[in-house]
2 protein chains.
Amino acid sequence: MTRSERGRIRVAVSTVILTMRRDRGATPRVALPLVRRTRDPFRGDWALPGGWLDEQESLEEAAARTLAETTGLAPSYLEQLYAFGAVRRSPSRVVSVVYWALLRADEVDAQSAAFEASGTAPDNVAWNDAESLPTLAFDHNRIVEYALWRLRNKAGYSRVAQGFLPPAFTLADLREAYETILGRRLDPANFRRQVEAAGNLIPTDEFRTGSHRPARLYRHNTDVALADRGPLSPEETRTP
Amino acid sequence: MTRSERGRIRVAVSTVILTMRRDRGATPRVALPLVRRTRDPFRGDWALPGGWLDEQESLEEAAARTLAETTGLAPSYLEQLYAFGAVRRSPSRVVSVVYWALLRADEVDAQSAAFEASGTAPDNVAWNDAESLPTLAFDHNRIVEYALWRLRNKAGYSRVAQGFLPPAFTLADLREAYETILGRRLDPANFRRQVEAAGNLIPTDEFRTGSHRPARLYRHNTDVALADRGPLSPEETRTP
DNA sequence: ACAAAAGTGTTCGGCTTACACCCATGA
DNA sequence: TCATGGGTGTAAGCCGAACACTTTTGT
């Protein structure tokens, strides 16, 4: 007890928000928002959105709040990534609890536009290709690397990729999301059978037309969680 | 920044140490060490070993240090489990970063004996059956529940169960470890082929005799990590 | 008509499961 | 010699990968 009373250790939260963006018609890529730091240390460098943990909020609430304050974004769920606490990861002693989430491109656009219109938006937020980042402040490059590893890992055994998609989507959309995450092509025929067998999708009666044969639209089955998070307390995970 | 300057948030670390114990010849069970609290809050209740994070040590170093101070144990590796930070999980505001590890029963005995002999051992440490714990201090019941979920999960796709076993062991030993973790019986024949195919075991020329046909002893293949932890920084994970 | 994407069928090989069977030892 | 666990063989079934094939649209 006494040791910690003497020391000065602060708790920060950061978020890695991943989305899928299509630049000039090319194949989509994973992108994430970065914030330019306006104070030392690392003033002027890019960093993950985040801030200090307030005494009256949970870790996840702090992650959601600081993310909204800096970027205007509000993901539908946040998952804890890791707690980083090396002694020299910052000039002062900071333990950073990092959260991550997937965000749909259409939500990003809507939320960003609303944030801009509100007049409170700082002009120091930029979306970056996750695979070609500049050198970030603190250990944030490593944190992003770890988040991408987790994403690819999780794509293998859960349905996380649906987090990139709007409520209604075609199987080609979903397959493209997986291909973007995993970095390789998937067989359309086998992909169809696999997701159909998994039972996570609800077919609708609508079709998307416009090019070639119309494709059936599907919706998420909200009864099935995006990813099994185990017996964590609701108090620990819920964002109010 | 200002919010956190005002507030008083302390960082603690706790550890869930799991081992496999065989009571009175019965089937082995998962057990973990608990410490009886000597001060408020929850004075007199059982809690996970842990303590405050010191300003000059990393999270993992703090976990190893506080574990050694309270129980005398020194696992060969520690893995971060989760950061718990609900506002009311403690009367004062505490963020607990929890680590977990598997420990071999023979190491537990040896380290505990050495700790006792050193004269510095407090007599308030007890080993508990993980499936039938009393009500613990803080949210520690939930933390243990989550650790057990992670263990069972991980046993499915990695070789964690070897963490329960001494350097040399029979396939029956290894199978028993998996059966204890997973709570179900495994086919000896198929189990043998699976672990042989995985290439994580090195057969020795020794056999364990004493009952029926002698069984070949195996050793861990230390070239293969117990569990893939992704691209986490060595600074973040290493215990010096 | 033709290109291209949606969607279906089929085969193959690897892996898991179930279980029969042989082997080697202690008592 | 017999009970018991160690260890091998083998066939059925499931699932993913590969790919041929049919269907339906836009041009």
Side-chain angles (χ1 to χ4, degrees), chain A residues 22 25-28 152-162 165-166 168-219, chain B residues 22 25-28 152-159 161-162 165-166 168-219 224:
Chain A
R22 190 187 313 277
T27 57
R152 280 188 285 264
N153 229 351
K154 211 148 192 167
Y157 63 86
S158 78
R159 296 295 138 202
V160 272
Q162 296 185 22
L165 299 179
F169 51 88
T170 68
L171 289 182
D173 293 338
L174 184 59
R175 179 166 47 85
E176 184 180 54
Y178 275 99
E179 288 176 343
T180 303
I181 291 172
L182 299 174
R184 61 188 171 89
R185 312 286 291 174
L186 300 174
D187 183 298
N190 297 328
F191 183 81
R192 161 181 300 275
R193 272 182 294 256
Q194 283 162 22
V195 299
E196 279 175 348
N200 292 312
L201 295 187
I202 301 172
T204 72
D205 292 335
E206 301 165 272
F207 289 81
R208 173 178 302 164
T209 100
S211 74
H212 312 295
R213 174 172 174 176
R216 184 181 294 276
L217 290 175
Y218 290 79
R219 295 183 179 279
Chain B
R22 189 189 314 277
T27 57
R152 279 187 286 264
N153 231 349
K154 213 146 191 169
Y157 62 87
S158 78
R159 296 295 137 202
Q162 295 186 21
L165 299 179
F169 51 88
T170 68
L171 288 181
D173 293 337
L174 184 59
R175 179 166 48 85
E176 185 181 55
Y178 275 100
E179 288 176 343
T180 303
I181 292 172
L182 299 174
R184 62 187 171 89
R185 310 288 289 175
L186 301 174
D187 184 299
N190 297 327
F191 182 81
R192 159 183 301 274
R193 272 183 293 256
Q194 282 163 21
V195 299
E196 279 176 348
N200 292 312
L201 296 187
I202 301 172
T204 72
D205 292 334
E206 300 164 90
F207 289 80
R208 173 178 302 163
T209 150
S211 74
H212 312 297
R213 174 172 172 176
R216 184 181 294 276
L217 290 175
Y218 290 78
R219 295 182 180 280
V224 181

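Labels below follow one simple rule: chain letters A, B, ... track the order of the sequence lines, proteins then strands, and each chain is numbered from 1.
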Considering only heavy atoms from C-beta outward, does the side chain of A:Val195 approach that of A:Arg175 to under 4.5 Å? no

Nearest-Å distance for atom pair [atom1]/[atom2], residues [X] and [N]:
X	N	atom1	atom2	result
B:Arg185	C:dA18	CZ	P	14 Å
A:Arg184	D:dA18	CZ	C1'	14 Å
A:Glu196	C:dA6	CD	P	13 Å
A:Arg175	C:dG7	CZ	C1'	11 Å
B:Arg192	C:dC15	CZ	C1'	18 Å
B:Gln194	C:dA18	CD	P	11 Å
A:Leu171	D:dT24	CG	P	17 Å
A:Phe191	C:dA6	CZ	P	12 Å

Partners of B:Arg208 by side-chain hydrogen bond (donor to acceptor under 3.5 Å, both in side chains), sequence neighbours excluded? B:Asp173

With sequence neighbours excluded, residues passing salt bridge (Lys or Arg N to Asp or Glu O under 4.0 Å) with [X]:
X	result
B:Arg216	none
A:Arg213	none
A:Arg193	none

Sequence neighbours left out, cut at 3.5 Å: what donor-acceptor pairs do the side chains of residues 180-187 of chain B make with other protein atoms?
residue: B:Thr180; atom: OG1; partner: B:Glu176; partner atom: O; Å: 2.8
residue: B:Asp187; atom: OD1; partner: B:Ala189; partner atom: N; Å: 2.8
residue: B:Asp187; atom: OD1; partner: B:Asn190; partner atom: N; Å: 3.1

In this structure, OH of B:Tyr218 is separated from CD of B:Gln162 (nearest 0.5 Å) by 12.5 Å

Could I get the full list of side-chain contact (heavy atoms from CB on, under 4.5 Å) partners for A:Thr204, not counting sequence neighbours?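 With sequence neighbours excluded, A:Thr204 shows a side-chain contact (heavy atoms from CB on, under 4.5 Å) to A:Glu206, A:Leu217, A:Arg219, given in chain and number order.
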
Quick one: label A:Arg208 by what it contacts on the DNA or RNA (base, sugar-phosphate, nothing), any heavy atom closer than 4.0 Å.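 Nothing, no heavy atom under 4.0 Å.
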
Dump every N/O contact between nucleotides 9-15 of chain D and the protein below 3.5 Å, one line per pair.
residue: D:dG9; atom: N7; partner: B:Arg193; partner atom: NH1; Å: 3.0
residue: D:dG9; atom: O6; partner: B:Arg193; partner atom: NH2; Å: 2.9
residue: D:dT10; atom: O4; partner: B:Arg193; partner atom: NH2; Å: 3.2

Pairs under 3.5 Å (N/O, protein and nucleotides 21-27 of chain C):
residue: C:dC23; atom: O2; partner: B:Arg213; partner atom: NH1; Å: 2.9

For residues 180-212 of chain B, which residue pairs pass the ring-ring contact (aromatic ring centres under 6.0 Å, His included) check, not counting sequence neighbours? B:Tyr178-B:Phe191

